[in-house]
Amino acid sequence: MPEPINTTLPHFIATGLEEVARKEGFTDGLYRFETESGSNMGDGFVGELLKVFIREADRELVVLCKLLPQNEMRKQQGIALFEREGEAYEIILPLLTKFQSEKALGENVPQFDNIPRCFYAKTYVDQMESVIIMEDLRLQAFRMWDKANPVNFEHASLLMTTLGRLHALSFAMKDQQPEEFAQCREFTDPMWKMFELDPTNSFDRMMSMMCQRAIDTLEPHDTFRREKLEKFHDCCQEEMKACVDANAAEPYAIIGHGDCWSNNMMFQYGEDDVTPTNIKLIDWQLSRYGSPVLDLVYFIFNCTDEELRSHSYHRLLSIYYNSLSKHLHNLGGNVEKQFPRSAFRDHLKRFGRYGFLMSLMVMPIICTPTDELPDTDETMEKLMKDMTSGNESEMVYGTTEKAAARYRKRMSGAIRDVIRFGYI
């Protein structure tokens, strides 16, 4: 474990930490900050973590500061996402959980409390500075699943139960407190602001290349599935936009996590250290108002494998829906009126392809072992340069022998299933 060191922090970080120290009862002039690196390679693709010890006499508070990358291009790319995550932690999630707490559900009633505590979040867009200060979940024995391995049923089931409770908050508040809920409707998808700044349409071309790469995981004689996917070859971006369109999801749109893959959740375990007992959803940078099924299909098609889906896909959907129904009932709602099963099935049919579309981008990263990850600064800088110059972007994730084999198996399985379930 690295030794903490005293350091001079940039003003915007120090300001945030000072506010946290005051709120937590530390004495002005008597506490100090000591820091160490808070992340491992591959933990995050959009930001960096700084671990900070706030110390006074024999008292200590450990926090994590999530910061923009130092690389200028990645900083420009990430600033809007940091602003979105700050809004989620400071405005939207407190709004929903306050509504839940006002219901006084009682200690024995399961509630949605599956987010880390956020002490402070501030983004200065003009100065290109941002900091999000939160608790370090690792101190409570939370840990990540190894992203390179497909998630098992127990982990997937726990997430489905959790998403059901999260989404129930929106359904209930939307119905019972529509005026207070109105600001949630403004929480539109944050990615498209970035793509609007893409003058050469290089993201379109990159998605087309990724789609072809996905098609190439199928057997040459599998003409049926190849022809199905060819329809998406030159319109992936438009299809993704259609899936995240909140207006198209009404009257069933909710606040979702938005980036529901295994690196963005942490698990706590029982005595056997194998069975997950608790989960926290982290990295809310893509949180949005949209269809409830987006979180489900994003996770299931990217983080489970074909074998698990073969016997548990519909079971996982039922776990989600039953959790949603029960929590919505506890909050004073009625799932059959607010999100009937017929609407759930309809949303899966209309938006289920989103799981596959996201896998075009996410699956190569998931399938790359941590020790084979390329340098993120170099990769993103090249991507941004390609996007502005109009050059073709080369995919650098999932290309080593080990990663490519994993990718072929996982992607071809996802394609077979997304077609089998009728989403494409």
Any salt bridge linking Arg84 with Asp189? Criterion: basic side-chain nitrogen under 4.0 Å from a carboxylate oxygen.
no
Does a side-chain heavy-atom distance below 4.5 Å link Asp136 with Val63?
no
Taking the side chain as every heavy atom from C-beta outward, state whether Arg143 and Asp273 have any pair of such atoms under 4.5 Å apart.
yes
Would Lys280 and Asp113 pass as an ion pair if we require N to O under 4.0 Å?
no
Can you tell me if Asn152 uses its side chain to pair, donor with acceptor, with the backbone of His155 under 3.5 Å?
yes
Heavy-atom check, side chain of Phe33 versus side chain of Glu18, under 4.5 Å:
yes
Aromatic contact between Phe356 and Phe301, with the criterion being ring centroids under 6.0 Å apart: yes or no?
no
Please determine whether a side-chain nitrogen of the Lys or Arg among Lys122 and Glu19 lies less than 4.0 Å from a carboxylate oxygen of the Asp or Glu.
no
If you measure only the distance, is there a donor-acceptor pair under 3.5 Å linking the side chains of His233 and Ser208?
yes
Starting from the C-alpha separation in whole Å, work towards a yes-or-no answer on ring pair (Phe, Tyr, Trp, His ring centres under 6.0 Å) for Tyr313 and Phe421.
CA-CA 10 Å; Tyr313 178 72; Phe421 297 132; 4.0 Å; yes
Under a 3.5 Å distance rule, please check whether Asn264 uses its side chain to pair with a backbone N or O of Asp259 as donor and acceptor.
yes
Thinking salt bridges, do Arg416 and Glu219 make one under a 4.0 Å N-O criterion?
no
Judged by atom type as modelled, is there a donor-acceptor pair below 3.5 Å linking the side chain of Ser101 to the main-chain atoms of Lys98?
yes
Minimum-distance pair of heavy atoms, taken over all atoms of Lys147 and Asn263:
CB-OD1, 3.4 Å
Supply the atom-to-atom distance Ile366 CD1 to Asn149 CG, rounded to the nearest 0.5 angstrom.
11.5 Å
In this structure, which one of Leu67, Ile13, Leu81, Thr123 forms a side chain to side chain contact (heavy atoms under 4.5 Å, CB included) with Ser130?
Thr123
Gln127, CD atom: more than 12 neighbouring heavy atoms under 6.0 Å:
yes
Strictly below 4.0 Å, N to O, side chains only: are Glu306 and Arg420 in salt-bridge contact?
no
Measure across Gly270 and Thr277 and return the closest heavy-atom pair with its distance rounded to 0.1 Å.
N-CG2, 3.5 Å
Hydrogens and angles aside, do Gln338 and Asn334 bring a side-chain donor and acceptor to less than 3.5 Å of each other?
no
Between Tyr423 and Arg350, is there a cation-pi geometry (under 6.0 Å to ring centre, at most 45° from the normal)?
no
In Å, rounded to the nearest 0.5 Å, how long is the span from CG of Leu9 to SG of Cys65?
7.5 Å
Can you confirm if the aromatic rings of His167 and Tyr252 lie within a centre distance of less than 6.0 Å?
no
Would you give the length of the straight line joining atom CD1 of Ile319 to atom CG of Leu324, rounded to the nearest 0.5 angstrom?
13.5 Å
Any side-chain heavy atom of Leu68 sitting closer than 4.5 Å to one from Glu129?
no
Which is it for Thr161 and Asn322 under the side-chain contact (heavy atoms from CB on, under 4.5 Å) test, yes or no, and what are the steps along the way?
CA-CA 8 Å; Thr161 301; Asn322 290 338; over 6 Å; no
For Leu317 and Tyr321: C-alpha separation, side-chain torsions, deciding distance, then whether side-chain contact (heavy atoms from CB on, under 4.5 Å) applies.
CA-CA 6 Å; Leu317 295 182; Tyr321 192 79; over 6 Å; no
Does the side chain of Phe112 come within less than 4.5 Å of Leu96's, by heavy atoms?
no
Flag, side chain of Ser157 to backbone of Phe153, donor-acceptor distance under 3.5 Å
no
Aromatic ring pairing Tyr320/Phe344, orientation class (parallel under 30°, perpendicular over 60°, tilted between)
tilted
His327-Gln100 side chain donor-acceptor pair, cut-off 3.5 Å:
yes
In Å, rounded to the nearest 0.5 Å, how long is the span from CD1 of Ile415 to CZ of Arg225?
9.0 Å
What are the two closest heavy atoms between Cys260 and Cys303, and how far apart are they?
O-SG, 4.5 Å
d(Met134 CE, Ile282 CD1) to nearest 0.5 Å is 8.0 Å
Please check this pair: side chain of Ser287 against backbone of Ala88, looking for a donor-acceptor N/O pair closer than 3.5 Å.
no
Under the 3.5 angstrom rule, does the side chain of Asn302 hit a backbone N or O of Tyr298 as a donor-acceptor pair?
yes
If you define the side chain from C-beta out and look only at heavy atoms, does anything of Leu357 sit under 4.5 Å from Phe232?
yes
Take atom CZ in Arg315; do more than 12 heavy atoms of anything else shown fall under 6.0 Å from it?
no
For Phe339 and Phe171, take the angle between the two ring planes, folded into 0 to 90°, and tell me which bin it lands in: parallel under 30, tilted 30 to 60, perpendicular over 60.
parallel
Minimum heavy-atom separation for Cys236 to Leu360, with atom names?
SG-CD1, 3.8 Å
Within 45° of the ring axis of Tyr407 and under 6.0 Å from its six-membered ring centre, is that where the NZ or CZ of Arg213 lies?
yes
Are side-chain heavy atoms of Met265 and Met144 found at a separation under 4.5 Å?
no
In plain terms, say whether Arg309 and Glu307 are close enough for a salt bridge, that is, a side-chain N and a carboxylate O under 4.0 Å apart.
no
Nearest non-hydrogen partners of Ser291 and Phe351, listed with the distance
OG-CD1, 3.5 Å
Got a salt bridge between Arg410 and Asp305, using NZ or NE/NH1/NH2 to carboxylate O under 4.0 Å?
no
Whether Glu34 side chain and Phe53 backbone form a donor-acceptor pair below 3.5 Å:
no
Crowded around His311 NE2? As in, over 12 foreign heavy atoms under 6.0 Å?
yes
The test is side-chain contact (heavy atoms from CB on, under 4.5 Å); show your working for Leu159 and Leu281 and say whether it passes.
CA-CA 9 Å; Leu159 176 67; Leu281 303 180; 3.7 Å; yes
Salt bridge (Lys or Arg N to Asp or Glu O under 4.0 Å) partners of Glu60, counting only residues at least two apart
Arg55
Is a donor from one side chain sitting under 3.5 angstrom from an acceptor on the other, for Tyr269 and Asn278?
no
Check whether any side-chain N or O of Arg165 sits under 3.5 Å from a backbone N or O of Ser323 as a donor-acceptor pair, and report yes or no.
no
How far apart are the closest heavy atoms of Cys367 and Arg406, and which atoms are they?
O-CD, 3.6 Å
Any donor-acceptor pair under 3.5 Å linking the side chain of Ser170 with the backbone of Ile255?
yes
Could you check whether any side-chain N or O of Glu135 sits under 3.5 Å from a backbone N or O of Cys118, counting only pairs where one atom can act as donor and the other as acceptor?
no
Can a side-chain donor-acceptor contact be found between Tyr289 and Lys174 if the only test is distance below 3.5 angstrom?
yes
Using the rule given for side-chain contact (heavy atoms from CB on, under 4.5 Å), can you reason through Leu64 versus Phe119, listing the C-alpha separation, both sets of side-chain angles and the distance that settles it, and then say yes or no?
CA-CA 10 Å; Leu64 287 178; Phe119 295 98; over 6 Å; no
Could you tell me if the side chain of Lys66 sits less than 4.5 Å from the side chain of Gln285, heavy atoms only?
yes
If only side-chain N and O atoms count, and only distance matters, is there a donor-acceptor pair under 3.5 Å linking Thr275 with Asp272?
yes
